[in-house]
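Below is one structure, written out as structure tokens; the observations come after it.
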2 protein chains.
Amino acid sequence: MTREDGSKSAGQATKHGALARRFRQRIRSGALKPDQALPSEPKIARDLGVSRNTIRQAMRDLEHEGLIYRVQGKGTFVRARGSVRRTVALVLHDIAYTTHPFTSAMIRGLGEALENGGYSLDILPCGRDEDRANLSGLAKSYDGFLLGSASMDKQTVARLIAEELPFVFVKNYLPDLKINAVLLDYVQAGRLAAEHLIGLGNRQIGLIYAGEATAISRDFRLGVETACTAHGLTLAPENIHDAGLSVNAIQEIIPSVHDVTGLIIMDDELAVTAIQALAAAGKTVPRDMSVVGCNDMLIASMSSPKLTTVRLPVTELGRQAASRLMALIEQPSLPSDNTMLEPELVVRESTARPRKASAQRGNRQG
Amino acid sequence: MTREDGSKSAGQATKHGALARRFRQRIRSGALKPDQALPSEPKIARDLGVSRNTIRQAMRDLEHEGLIYRVQGKGTFVRARGSVRRTVALVLHDIAYTTHPFTSAMIRGLGEALENGGYSLDILPCGRDEDRANLSGLAKSYDGFLLGSASMDKQTVARLIAEELPFVFVKNYLPDLKINAVLLDYVQAGRLAAEHLIGLGNRQIGLIYAGEATAISRDFRLGVETACTAHGLTLAPENIHDAGLSVNAIQEIIPSVHDVTGLIIMDDELAVTAIQALAAAGKTVPRDMSVVGCNDMLIASMSSPKLTTVRLPVTELGRQAASRLMALIEQPSLPSDNTMLEPELVVRESTARPRKASAQRGNRQG
DNA sequence: GCGGATCGCTCCCTACGGGCT
DNA sequence: CAGCCCGTAGGGAGCGATCCG
């Protein structure tokens, strides 16, 4: 431990450390400019009274850090910052999340913005402790990090901060850390979905969401409950179900949904699956039950009936997060900032006035 | 150029290179086991008659490669291979491809198999020359590579071979390289799609595919043409369209599709989009036109009408490719092998007998 | 608990070679 | 060509860490 730290932060203990530190500062500050030659090894040796061997060790370290390059017969030069394509990493809980349409849409936005900025994007998992431990090791390989995992822990973030590595939270966030984040307003998304159903006359509302594990899922539930309370309704605990992101879970949950005329499902794919499961159980959407999805993925407009959903600007989320990270990389002193993107209700065919309610209230014909 | 190659592949030119090579082999072969101590620097110096300085340089290189670790006062030791979680990289043309449902399904299979094997998966882009150049630099970071990009070039592959890095082609391949690959039989996929339409009585068939740029797209067209020829039909050039993977391209292509009763589209999303575009132009599928997709993604069974398509075992492709790569990593001497996975026709609602044809032939009522 | 042996780490010196200008 | 550059290779001295008797 002590040793490793010593040899890394060095800078004073050893002569080569001090030398490396000296040149590192001069390069970072801009005193030495890209492709400018450093003094030759023999010259430094004479000037500073150190052996050439020591100088070579310092130079070797700087070369490994990517700060300089050496050409036999010519000299040692400062590496141009842009000579290596800059790369940022998107860190997900599990690489399998790329599979989800939401993540796909986000990556589309990220890739687009980063491409325009001349950056490359790699995707890394961080669900396992080893992966996260490895992350700071990979730090040298990346110019910045997009943190898209709900399983990101404070220690890892603290390490990123300690090493002064730029990062931006995308979609997920750590509740008690006020740091760079580009987020979606899931409270508002839940509220919009619930208010739409309530506005149609639904008094019994059910919720299928991703559970209490992630902040955004909690936010969504909070939004639904807030809307219900505001209209004098209660979201009964037995009408709240945790499906995670699993299509299979939906199949198990649907049969246990009773006494509900409106169902809010936090994911379009799950919502479409739910509609099919309801159909299999003899219930037609929206005649017997209204269903509202969330995200407005492609499938929402392709399914039958077309899904009423809450559109979240996912691709825009990616774009803004990427822009924010690039700004941070190019100007590390930027103040921390949180951005919240707002959702929008998209009414299609999967929601309608509940039959009993409309009969009781309007007593309309048909 | 010459220099870089020299210093990298070294091994014979310089003494420290030869030394490093010597120990690299002994470690890789298992002659030196994890956490086993290497001979001490002075001992190697005496035994081999080289200076300690030279030995230290070789050890430095090995340490940077992660093969050994050194502890002052104790000695130099072989690093346990399993101490760092093994990681493989999926190399795609562009990170945006993760966005495509096909890639998602493949990643699902890859992730599943790798997870079971105790591996992590990173996703890297390689579309730009800089990215590919960087790839061999990243070689040290990864235990193997899954090559999923059609833009993979021979030089890059040659470099991987030269550095003895395990790799497996997934889905895409380089026509003249007989190397490890797990592939889908796109010739057969095209043939199945065409034969289904022909079997229904369609005589005028159109094809929308991803162009001539990639081997699999060419294979698909070949399959369609083969089936047509076998049944005495010709696939007219004006009925072959290149849409890439672009939903927008479909919108432009559909209006120019004439005199065709059956349309084969190499991607389900594009096929569903095409059906909507046809509807907008007043043509109903399958009454006025039969449409066959390819891949059997989720959307194929969710759309209306449900899409007849050719199911390709994409997730299985991922699983097998991952297994193959893990086997190669653990036993580099495995002989090269190609695996081809076969498609299957899934008939749903988007295909039917053409009206004219059925009228002409059966002259049925209605 | 302490001293000696051993280890890797730092630092110095010299010399030769091959590439660049 | 000479003169400079970095790369390689050799020599040696002393230090701090580790281990063992």
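Naming convention: chains lettered A, B, ... in sequence-line order (proteins, then strands); numbering from 1 in each chain.
The salt bridge (Lys or Arg N to Asp or Glu O under 4.0 Å) search around A:Arg26 returns none, not counting sequence neighbours. With sequence neighbours excluded, the residues that form a side-chain contact (heavy atoms from CB on, under 4.5 Å) with B:Ser40 are B:Pro42, B:Lys43.
For D:dC5, the OP1/OP2 oxygens have no side-chain nitrogen or oxygen of A:Lys43 closer than 4.0 Å. The shortest distance between the side-chain N/O atoms of A:Arg52 and the OP1/OP2 oxygens of C:dC12 is not below 4.0 Å. Remark: A:Thr76 is in phosphate contact with D:dC6, judged by side-chain N or O atoms under 4.0 Å from OP1 or OP2. OP1 or OP2 of D:dG10 lies within a sub-4.0 Å distance of a side-chain N or O belonging to B:Thr54. A close approach under 4.0 Å does not occur between any side-chain nitrogen or oxygen of A:Lys74 and OP1 or OP2 of C:dG19. Contact between the side-chain N/O atoms of A:Ser40 and the OP1/OP2 oxygens of D:dC5 is found at a separation under 4.0 Å. Within the 4.0 Å cut-off from OP1 or OP2 of D:dC5, not a single side-chain nitrogen or oxygen of A:Arg70 is found.
In terms of modelled atom types and a separation under 3.5 Å, the side chain of B:Asp337 and the main chain of B:Asn180 share no donor-acceptor contact.
Between the CD1 atom of B:Ile68 and the P atom of C:dC9 there is a distance of 9 Å, rounded to whole Å. We find that NE2 of B:His16 is positioned 13 Å from C1' of D:dC6, with the value rounded to whole Å. If you take CD1 of A:Ile44 and C1' of D:dC6, they are 12 Å apart, rounded to a whole angstrom. Going from atom CG of B:Leu19 over to atom P of D:dT8 covers 13 Å, rounded to whole Å. Atom CZ of A:Phe77 is separated from atom C1' of C:dT21 by 12 Å (rounded to the nearest Å). Across the protein-nucleic acid pair, B:Arg46 atom CZ and D:dG10 atom P stand 16 Å apart, rounded to whole Å. Taking atom CD on B:Glu41 and atom C1' on C:dC11, their separation rounds to 14 Å, with Å as the unit. Taking atom CG on A:Asn53 and atom P on C:dC11, their separation rounds to 10 Å, with Å as the unit.
DNA chain C is contacted by both A:Gly49 and A:Val71; A:Gly49 maps to the nucleotide lying nearer its 5′ end (nearest heavy atom per residue).
Checked by distance alone, B:Gln72 brings a side-chain donor or acceptor within 3.5 Å of a matching partner on the base of D:dG16. Residue-to-nucleotide contacts include no donor-acceptor pair under 3.5 Å from the side chain of A:Arg60 to the base of D:dG7.
You'll find that the side chain of B:Ser51 is closest to D:dG11, out of D:dG11, C:dC12, D:dC6.
Here the straight-line distance linking atom CG of A:Leu121 with atom OH of A:Tyr142 works out to 9.0 Å at 0.5 Å rounding.
Here the side chains of A:Val170 and A:Leu325 are not in contact, with every heavy-atom distance at 4.5 Å or above.
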